[in-house]
Each structure stands twice: as C-alpha cells, then as structure tokens.
Protein chains: 2
Amino acid sequence: MTEEKVFTISELATMFDISSRTIRYYEEIGMLFSENRDSLTKQRTYTNRERRRLKMILRGKKLGFSLQEIKEMIGLYESNPEGEAEKSRIIAFADSKLKEIEEQIMQLQMLREDILTYKEKYENSRVKT
Amino acid sequence: MTEEKVFTISELATMFDISSRTIRYYEEIGMLFSENRDSLTKQRTYTNRERRRLKMILRGKKLGFSLQEIKEMIGLYESNPEGEAEKSRIIAFADSKLKEIEEQIMQLQMLREDILTYKEKYENSRVKT
DNA sequence: CTCCTAGTTGACGTAAACGTTAACCTAGTT
DNA sequence: AACTAGGTTAACGTTTACGTCAACTAGGAG
C-alpha cells in the first residue's frame, strides 16, 4: 500500500533529460542523496522526495542560479531552525532572495518589452520586392 | 556641440563594478568594440553606444544567459535584415526568445511563491522561550 | 631625468559544472 | 560458459568566463 515507487539513476536522467553523471555529481556535492543503496550492487535508488529535489535544482539552474545558491535555497525549505536567532537569520535570507527574485522578474519583463519592440519594428517594415 | 562623451576602460569598469579584464574579454570575443583607439598609446575609448551594449550584456548575465546567448540577442537589436527570408528568421528567433523569457518569468513567480510560503511557515511558528 | 599612473598585449591559471574514459561488477539472456 | 545491458568508482579532460602576472609603453608630476 505505502510501497513508494523508486527510480534508478537512468530513469531520473531520462525523465529530466540530463546525464547520469550529472545526477552523480549532484550527489557528490551533497545536493542529492540516494537512500538504501543495494549493499551488493551498490546501485542507487531514488524516492519521490529526491525526484522533487532534483526538479528544484534544475529549475534553479534554468533561472541562472549557481548550484551553491540553489543548495542554500533548498536548505531554506528543509531547515528546522532552533531558536529565535536562527529563525530570524533564515527569514532574513528569505527576504534577500525574494528581493533578488523580484528584481530579476522586473528585468526579464523589461527585456521582454525590448524584444517585442524590436520584433514589431521588423514586422512593420515591409520589404518592397 | 555634438561632441560625444567617451569613456576609458577603467571608467566603464568602475561604472559597472567589473574589472577592466572583463571588458577586454568581451571585446576579445566580439561583444564590444572600441572605436578610434589612439594609434600611439593603443588606449581604448568607448562611446555611449558601447556603454549601452555593456549594460545589456550585464543585464543578460544577471538573468542567467550565457555570453553566447546574449551575443545572439544583441544581434537581434542590431541586425538589418535583407529580404523576407532573413526577416522571418529573425522574427522566429525573437518569438522563441520571448517564449523562453515568459517561461522564465513564470518559474520565477513560482519560486517566489514557494519561498513566501516557507517564510510564513517560519514566521507563524513562534518558539516558546 | 626619474618616478608614478594608467593603459597595452600575451600567456598561463582557475573555479564551476559537468564530459569522457578505463576498469570493474552483477543480473539476465542465448 | 559467453555475452550484453546497466550500474559503480576513480581520475583526467573540457568549456566558460574571467583572474593574475610579466613585460612593455606613453604621459605627466616633481
């Protein structure tokens, strides 16, 4: 019933269109974990939890964040702060990231407008042939 | 009257808080040009046009694009298409970039929501001290 | 003339994020 | 038994985007 589906490394790789090496690398630098590896074959298995982590990592990458930054952000999701000091430190980090993200959204909207403007310029300049 | 202000390399560098080396590198790979270099001292001078180009490059970088991608996008701004075929090729490129950018904005908004959610979770869990 | 500042061209070095290859293991065919 | 498919570790290679350093030059300040 509660049998959780697990994935092999190549299943995850094809699922997200990345290489197995990439997944091993993420594990190497502590961004991904493979629980319950077969003690004999040493093969990695991943749970849905790790699949979601990987998805977050790839989203972060597409958005231009470094793996280090992504690691810290995921840490935000998973941290269990002890005491008020730790909590406000985390909230401050969240706020700074939020500001950064909002700035990035604004810049992207500006870039979008720019490209639209140039595109329309081309569309309206009919070439006489 | 129409005397355009020009900048030295270190002026531009401090203006955008980057190194001179970075500027030379961008020139090296054909993303920036220094017109009218002193024939004796070989010193570079930049016009407002190049200052704007540099600004675009740095914006692109902050948004997570590679220098190659940025180069292509700037090419979009500066291209002067000959004939309908060339024009529709450029418009198609613009469209694909626009899609990409809109997707990126959406992802950023989702990330923003995620972080907000987690932040509020921490804020509302008062620690009893 | 000497020194300092600001620039120049190579050319080699480096961090991040993987790619690639070698040498090995195990499970499942044929 | 031999082969194939899919996985493992270890280690060296590669690309991007610069950093760093050496050796040189031209223009002023004193």
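Chain letters run A, B, ... following the sequence lines, proteins first, then strands; residues in each count from 1.
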Using whole Å, report how far [atom1] of [X] lies from [atom2] of [N].
X        : N       : atom1 : atom2 : value
Ile57(B) : dA17(D) : CD1   : P     : 11 Å
Phe7(A)  : dG7(D)  : CZ    : C1'   : 18 Å
Glu27(B) : dT9(C)  : CD    : C1'   : 12 Å
Ile70(B) : dT16(D) : CD1   : C1'   : 12 Å
Leu12(A) : dG7(D)  : CG    : C1'   : 14 Å
Leu54(B) : dC18(D) : CG    : P     : 11 Å
Met31(B) : dA17(D) : CE    : C1'   : 11 Å
Asp38(A) : dG7(D)  : CG    : P     : 13 Å

Output one letter per nucleotide in nucleotides 10-28 of chain C: B when a protein non-hydrogen atom lies under 4.0 Å from the base, S when only the sugar-phosphate is that close, - when neither is.
-------BBBB-----SS-
Glu69(A) (side chain) donor-acceptor with Ser66(A) (main chain) under 3.5 angstrom
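Yes, the answer is positive, given that a donor and an acceptor are paired below the 3.5 Å cut-off.
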Under 3.5 Å for both donor-acceptor distances, Watson-Crick or wobble: does dT30(C) have a partner, and if so which one?
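The base-pairing partner of dT30(C), which may sit in any strand shown, is dA1(D).
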Which residues satisfy the salt bridge (Lys or Arg N to Asp or Glu O under 4.0 Å) test with Glu11(B), sequence neighbours excluded?
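Once residues adjacent in sequence are excluded, Glu11(B) has no partner under the salt bridge (Lys or Arg N to Asp or Glu O under 4.0 Å) criterion.
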For Arg24(A), give me all partners under salt bridge (Lys or Arg N to Asp or Glu O under 4.0 Å), at least two apart in sequence or on another chain.
none
Contacts of type side chain to side chain donor-acceptor pair (under 3.5 Å), residue Thr45(B), not counting sequence neighbours:
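None.
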For dG7(C), does OP1 or OP2 lie under 4.0 Å from any side-chain N or O of Arg44(B)?
no
Scan residues 20-59 of chain A for pairs that pass ring-ring contact (aromatic ring centres under 6.0 Å, His included), counting only residues two or more places apart or in two chains.
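Every candidate ring-ring contact (aromatic ring centres under 6.0 Å, His included) pair involving residues 20-59 of chain A fails, so no pair, neighbours aside, qualifies.
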Hey, could you give me each pair passing ring-ring contact (aromatic ring centres under 6.0 Å, His included) that has a residue in residues 61-105 of chain A? Not counting sequence neighbours.
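Checked against ring-ring contact (aromatic ring centres under 6.0 Å, His included) - neighbours excluded - the pairs reaching residues 61-105 of chain A are Tyr77(A)-Tyr118(B).
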Side chains of Glu103(B) and Gln107(B): any donor to acceptor distance under 3.5 Å?
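The answer is yes; a qualifying pair exists.
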Nearest-nucleotide pick for Lys42(A), side chain only, options being dT8(D), dG7(D), dT8(C):
dT8(D)
Which nucleotide in dT8(D), dG7(D), dG7(C) has an atom nearest any side-chain atom of Gln43(B)
dG7(C)
Give Arg24(B) one of three labels, base, sugar-phosphate or nothing, depending on what nucleic acid heavy atoms sit under 4.0 Å from its own.
base
